[in-house]
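Comments concern the structure below.
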Amino acid sequence: MRLKDNEAIARQSKELATIVTQMPVELKPDDCRVSQYDRNKVTELFRELEFASLLPKLPQMETETGVAASLEVKPPEGDYKIVSNTKDLDRLVKRLSAAKTFAFDTETTGLNPMTAGLVGLSFSPAAGEAYYVPVGHVGLDPIGQLPLEEIIAKIKPLLEDKKLAKLAHNGKYDMTVLAQYDLAVQNLSFDSMIAAYLLGEKSMGLKNLAFARLAVEMTPISELIGKGAKQIPMSQVEISRAADYASADADMTLRLAEIFEPELKQQGLWQLFAEVEMPLTPVLMSMERNGVALDSDLLKQMSKRLGEQLLKLEKDIYDNVGHQFNINSPQQLSNVLFEELGLPTARKTKGGYSTGASILEELRGVHPVIGFILDYRQLSKIKSTYIDAMPSLINPRTGRVHTSFNQTRTATGRLSSSEPNLQNIPVRGEMGKEVRQAFIAAEGSYLLSADYSQIDLRALAHLSQDKSLLDAFRHDEDIHSATAAQVFGVDPGKVTPEMRRTAKTVNFGVIYGMSDYGLEQATGLSREEAAAFINAYFEKYPGVKQYLESTKEKARKEGYVQTILGRKRAIPEINHSNRQLREAAERMAINMPVQGTSADIIKVAMINLDGEMAKRQLKSKMLLQVHDELIFEVPRAEQKEMGKLAAELMSAAIELSVPLKVDVKAGPNWGEMEP
DNA sequence: ACACGGCGC
DNA sequence: TATCCGCGCCGTGTA
């Protein structure tokens, strides 16, 4: 079920949306947060969405009109108070102190926590009890505000007190905002967004969760600040209205935590939550706040140079084709190549024939324009995505780019990075390298990179306990060469580069659930050769084959698969009657435990490293994580110690049946690093 | 808003 | 018989 389906349904009927939100989890009567619903409508909807098999699980009708009695959706209700004088503020501080645990939330002027201004703070020490402290509202308002300094001075000791447990929804955001006010939140012990993520909720927004899990329909923020061009900042919203809104946020966060905590425990996810995900949040916050420095001059110079090269390529392309057109439009390009020039076609898309790189690559020799187009594509991608877009993301205050690491985005447990995505900076090719050279270390420092060698395959070796794979890693063999030797049946010394390349493709292919068709596409092999290779592979690695089977079996039986730390991914379509959907589900089931175990490992490493760096009072800073790699900014004097520490703690993060090997490099920028 | 294409691991 | 190998984010064109 995709989110957009839910949203479309939600527009028509909130009640149906609620039911569908619960899908495809087994429905219990309690899950229907509606006063009534029309069973015919639901039936129709489920058939349309191919959920007919779940119809018997719908709560039974209790009346002849087909109306089931259940919970009712309500607006947020509670005792919400505004704190705008010293006496009330002092009282609030005492109340929160006594509670030992409280939820909090911030209202700000924007979405970017690095630049947003604080508008107000809300607190909830108990369900149905919340307080709003306005600090940054502007304009005339019948309700007053205390001075920012007084509020910070009194709230700071609470938020910085390690003995008081804080709850928040997307707490990294609030912590980052408050950090700009020199307030370092300690002991964020429960983030309801992360809890929802681990529990496999479809939508992680507070409003959606409150609706689906608490039967509370919260006010959308657009009701306060508007939307589109007519938006106003929260600072211009009346205090009384902001207070209700913000109080509900803190209140619902607390209530969600109360139901999520037992669920996490019951599902065996508590340790992952409390000892990995929650401790990771402040580490990510500091990485984001650290940011990374850019060589703006180099970017400018590259932009100019690439612009000139692109103009030349454009001319070459137009000359070859005979007229001008928009090369960036796949549709127009398809027309030119396949209609006008009559080149052989491959895959079809909606707008015409596919013009992807792998297809153009096949046509390289057929027409001289193809080479120019491929070059154009490559340069244009690098220029627009990685060069021209970057300067606008430099924070004027820090002069650095501060990516955002999202902890609740991926299906496997990996992090993702956005605004900008620093996890997909080019690395291959001349130009790719040059882009990386624009990511530089501060004066007197180096960038240091520590990356896991073959972590996914090591995770596979551990999970599958395949004897040959374990052996290969225990003897620190070149795994792709070892695979090639095994599968081609030659001596390790006799493996050709070609053989190794094929073996490498297959090693990765296994992790992705590759078919003979997939292998054929990815290599030059014929279908038969590909199938034979895969067969030979599984004969040499029977443990891997067995593991893949048992993983799929687990998904079929339990409905989910897991990583080494118990992280779960639901695989709802594993038993689907549509073969394509079912096989796609199988590939997800195979891939998630491997990719997710790697993610578990590096997360633990990050937490341990952050702790040890603080303990040793190192000046080095963790800047980036790129799935199997950590990048630090390291004063020259700490380079040796930091390299050793990173390698040690990354290797020791989680003990597997095979060693975890870590390679360390350093240099003045991300593009020029040496061991 | 969506599809395509393309960058990373 | 035909067949998209997993996970992301983002710029561009098209609607």
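These numbers come from the heavy atoms of this one structure, side chains and all, not from hydrogens, waters or symmetry mates. Computed from a prediction, not measured in an experiment: that's the story for all the values here. A note on names: the letters A, B, ... follow the listed sequences, proteins ahead of strands, and every chain is numbered from 1.
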Query raised in the report: Within the structure, does a side-chain N or O atom of Arg414(A) lie under 4.0 Å from either OP1 or OP2 of dC7(C)?
Result: no
Query raised in the report: Where is the tightest heavy-atom contact between Leu343(A) and Phe338(A), given as atom of each residue plus distance?
Result: O-CD2, 3.4 Å
Report task. Grab the CG-C1' distance between Asn424(A) and dG8(C) for me, whole Å please. Result -> 8 Å
Report task. With the side chain of Gln332(A) defined as its heavy atoms from C-beta on, choose the nearest nucleotide among dG8(B), dT14(C), dC10(C). Result -> dT14(C)
Query raised in the report: Any side-chain N or O of Ser416(A) under 4.0 Å from OP1/OP2 of dC9(C)?
Result: yes
Query - Plane angle bin for Phe508(A) and His480(A) - parallel if under 30°, tilted between 30 and 60°, otherwise perpendicular - result: tilted
Query raised in the report: Under 4.0 Å between a side-chain N/O of Arg569(A) and OP1 or OP2 of dC7(C), yes or no?
Result: yes
Requested in this report: Output yes when at least one side-chain N/O atom of Asn326(A) is less than 4.0 Å from OP1 or OP2 of dG13(C), else no.
Outcome: yes
Report summary line: Of the listed dG5(B), dC9(C), dC7(C), the closest approach to the Ser418(A) side chain comes from dC9(C)
Query - Closest listed nucleotide, where the reference is the side chain of Pro426(A) and the choices are dT12(C), dG8(B), dC10(C) - result: dG8(B)
Query raised in the report: Distance check: side-chain N/O of Ser329(A) vs OP1/OP2 of dT14(C), anything under 4.0 Å?
Result: yes
Query raised in the report: Hey, is the side chain of Gln331(A) poking within less than 4.0 Å of OP1 or OP2 on dT12(C), counting only N and O atoms?
Result: no
Requested in this report: May I ask you to decide if Gly291(A)'s main-chain N or O and Arg400(A)'s side chain share a donor-acceptor pair within less than 3.5 Å?
Outcome: yes
Query - Ser417(A) side-chain N/O to dG8(C) phosphate OP1/OP2 under 4.0 Å - result: no
Query raised in the report: Which is true for Glu583(A) with a 4.0 Å heavy-atom rule: it touches a base, it touches only sugar-phosphate, or it touches nothing?
Result: nothing
Query raised in the report: Any side-chain N or O of Arg377(A) less than 4.0 Å from the OP1 or OP2 oxygen of dG5(B)?
Result: no
Query raised in the report: Does Thr412(A) place a side-chain N or O at less than 4.0 Å from the phosphate oxygens OP1/OP2 of dG8(C)?
Result: no
Query raised in the report: Ignoring hydrogens and angles, are the base of dC9(C) and the side chain of Asn421(A) linked by a donor-acceptor pair under 3.5 Å?
Result: no
Query raised in the report: When you check the phosphate oxygens OP1 and OP2 of dC4(C), does a side-chain N or O of Gln580(A) lie under 4.0 Å from one of them?
Result: yes
Requested in this report: May I have the distance from Phe508(A) (atom CZ) to dC5(C) (atom C1'), rounded to whole angstrom?
Outcome: 12 Å
Requested in this report: Assign Ile511(A) to base, sugar-phosphate, or nothing according to its heavy-atom contacts below 4.0 angstrom with the strands shown.
Outcome: nothing
Requested in this report: Establish whether the base of dC7(B) is bridged to the side chain of Arg428(A) by a donor-acceptor pair shorter than 3.5 Å.
Outcome: no
